[in-house]
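Since the model is a prediction, treat every value here as computed from it, not as a measurement. What's counted below: heavy atoms across the whole structure, side chains too, no hydrogens, waters or symmetry copies. All chains are named by letter (A, B, ...) in the order of the sequence lines, taking the proteins before the strands, and each is independently numbered beginning at 1.
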Number of protein chains: 2
Amino acid sequence: MSGKRKGLGRATVHDVAKLAGVSSITVSRYFKQPDIVSQALRDRIAEAVNALDYLPNHAAGGLASTRGRIVAMVIPNISGPIFANTIQSFSDELNRHGYQLLLASSYFSVEKEEDAVRAFLGWSPAALVLTSQYHSEGTERLIAKATMPVVETWDYVPERKPVQVGFSHVDVGRQSVEYLHGKGYKRIAFVQNSLIGDLSALDRRDGYIARMTEHGLEPWVFVPTQADPFEAGRQAVNSLLLRKQPAEAIIFANDNLAAGGMLAGARAGMRFPEDCAIFGFGNYAFSEMLLPSLTTIRPPAREIGEVAALRILQTLGEASVEGPVQRLNLLDCELIARESA
Amino acid sequence: MSGKRKGLGRATVHDVAKLAGVSSITVSRYFKQPDIVSQALRDRIAEAVNALDYLPNHAAGGLASTRGRIVAMVIPNISGPIFANTIQSFSDELNRHGYQLLLASSYFSVEKEEDAVRAFLGWSPAALVLTSQYHSEGTERLIAKATMPVVETWDYVPERKPVQVGFSHVDVGRQSVEYLHGKGYKRIAFVQNSLIGDLSALDRRDGYIARMTEHGLEPWVFVPTQADPFEAGRQAVNSLLLRKQPAEAIIFANDNLAAGGMLAGARAGMRFPEDCAIFGFGNYAFSEMLLPSLTTIRPPAREIGEVAALRILQTLGEASVEGPVQRLNLLDCELIARESA
DNA sequence: TTTCGCAATGTTACCGGTAACATCATCGAG
DNA sequence: CTCGATGATGTTACCGGTAACATTGCGAAA
């Protein structure tokens, strides 16, 4: 209140200290390590804090101690059906330990991701969380130099340096083929998303190709030109089924495409899985409500957020989170067999 | 590098200044108001910034200038189908102007909300965004004293002091009745959610009651005891339709309940809307894919995030966002008539 | 030529905490 | 009774920026 600079107009440690008749560092200790402050002073300080409505300024604290309690996360998108659960569980776990989440979305653009990372690093977050293994060169450089823990989620690439929390998209592709092949299907097609942004989907396609080849079957990849997932699905179904040797089964890059394909097919009088088996990825909320309900693979979205948070908290030495830090965290996907395949 | 305290080990304004042969404030100005720095110095500074990989420390900047560039938002949940779009558009609009989003979820608990607000205020965010008009007393006290702009979203209560960006839940309730009444239905029931947390749903119920009464019809509110939305929906359908004078139409508090009710009814051999008209709220992603597709009301989720961000940016005086600040922002809901009613 | 105004740059102190070190009181061992 | 270990509290300076005020240089007006 006395300086020539105005400040926030809120009570500071110094105000509290003065009112309680102690030094400001004691107030600081009262919050950080209450056990080393005597009961008498604790009471006086508590009273002063209350009287002044004191709230610690985390920006100042972080600056002085060089470790703030915010964690930054860049995710492709928030509103989609995929990542929301990861964000939710990640955020909850952090909040539980007094950390706050700084969030931005990249829309599957590595340039936007780099922008976000650059902006975040300016806050010196306690940790940085990215999605997938695919980044721009600039991002790679930034994270290589970063001093805080970095975690990559939704992918699992043991060769990479950052902590990995996710699963192998290639294996998901193989697993899909395996399931359909086990049911006797031979002419199995794969429908990619036209959006070149989601690079992990290409890994699933590669897994599909590999496993098909191992079975001596010919891979058959269709790339829609439409961006809208429902339109793209329609395009795929029309192209793959309205021919002399139609596909017996179709693996779609995600449930949105699969749903679009099924709806389009149904309107054209096709029946699933009688005319063609349909296989998705993602287990979106609507997938079990479709008619027929969609056979798909559920990625461990919630678990990814949880484990990523735990690894970070461990690395930061949060006492309440026991166990050693684990750099590689391979989580399980669950194949959900429903009516469509 | 010289002090006895370690710092982050990253380059600072001072390092850049030394290398460029200028004073540190000039480097600061180079970032904040480049136009008042001469071209010659700008070039030298740019070079130094590059050579040192300098990244401004926003925490320090915010502390010194008493206005940081983060905005805090508390939302009931991230992963649900409702708020994700609001978060997404809000975050995008902020990022576009160099602000970052700090996010936490309350799970419809006013106590959790208060915790989050308290934690956020410690970061002295440039603005604070809450959901709905219902808060704890503690939260009310905190926002009354807050010095930064506060915005309430997903509701519209002109009497309240904070900036309002949303719609009237009471009106939504009335509008639902109006639509069904216009179709000739008389015995119209309302199914509330058992979760007492979502207080706005009660406003929709009140609107339903008011409009029914105005039409001389008797309100009929059913409160499920089951927490799971699908189970609750089943419970409601059983209770409202398996009786001598069954409901002719049911308004559900949200699309989840409505979907649960329809699936349960379909399994029991009922047909919609022949046996009963079904009306939801929320326009969730799956609603148009149900069989029959669900008649519902689409809340302006994306618009809320956008407008909230714009109002905040205007209040903060972001030059690039023109127009006066508007305290009341009533956005339109859209009634989507589909097959179920 | 002198003076004034303004643009460009620098000096100093301060934002609100906390690390590092200093000091003081207490208490048990020698 | 003295000394040193231990625990509680205080002093000082510093984290990395920027507000406020000071200074300098230069051109236009008088």
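The CG atom of A:L63 sits 12 Å away from the C1' atom of C:dA19 (whole-angstrom rounding). Residue B:I36 contributes atom CD1, which lies 15 Å from atom C1' of D:dT23 at whole-angstrom precision. Residue B:Y54 contributes atom OH, which lies 10 Å from atom P of D:dG16 at whole-angstrom precision. Note: CG (A:L55) to P (C:dG16) measures 13 Å, nearest angstrom. Residue A:H14 contributes atom NE2, which lies 6 Å from atom C1' of C:dG17 at whole-angstrom precision. Atom-to-atom, CD of A:Q39 to C1' of D:dA8 comes out at 14 Å; the value is rounded to the nearest Å. As rounded to whole Å, 9 Å separates atom P of C:dG17 from atom NE2 of A:H58. A:I45 has its CD1 atom 15 Å from the C1' atom of C:dG17, to the nearest Å.
Under 4.0 angstrom from either OP1 or OP2 of D:dC15 there lies no side-chain N or O belonging to B:T12. Between A:R67 and C:dA19 there is a side-chain polar atom (N or O) within less than 4.0 angstrom of OP1 or OP2.
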Between protein and nucleic acid, restricted to nucleotides 23-27 of chain C and to nitrogen or oxygen atoms under 3.5 Å apart, what atom pairs and distances do you find?
none

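Using bins of under 30°, 30° to 60° and over 60° for the plane-to-plane angle, the ring pair A:W154/A:F83 lands in the perpendicular bin.
Partners of B:Y107 by ring-ring contact (aromatic ring centres under 6.0 Å, His included), not counting sequence neighbours: none found. Annotation: side chain to side chain contact (heavy atoms under 4.5 Å, CB included) contacts of A:Q39 (sequence neighbours excluded): A:R42, A:D43. In this structure, A:T147 has no side chain to side chain contact (heavy atoms under 4.5 Å, CB included) partners at least two apart in sequence or on a different chain. The ring-ring contact (aromatic ring centres under 6.0 Å, His included) check on B:H135 picks up nothing, with sequence neighbours excluded.
For A:R118 and A:E114, the salt-bridge test passes: some basic side-chain N is under 4.0 Å from an acidic carboxylate O. The pair B:R96-B:E93 counts as a salt bridge, with a side-chain nitrogen and a carboxylate oxygen less than 4.0 angstrom apart.
Across residues 16-33 of chain A, A:V22, A:S23, A:I25, A:T26, A:R29 each have a non-hydrogen atom less than 4.0 Å from an atom of DNA chain D (numbered order).
Side-chain polar atoms of A:T131 and A:E152 form no donor-acceptor pair below 3.5 angstrom.
Where B:A40 and B:T66 meet DNA chain C, the nucleotide closest to each residue was compared, and B:A40 sits on the side nearer the 5' end.
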Quick one, A:F120 with A:V71, criterion side-chain contact (heavy atoms from CB on, under 4.5 Å). Give me CA distance, side-chain angles, the key distance, then yes/no. CA-CA 9 Å; A:F120 281 164; A:V71 171; over 6 Å; no
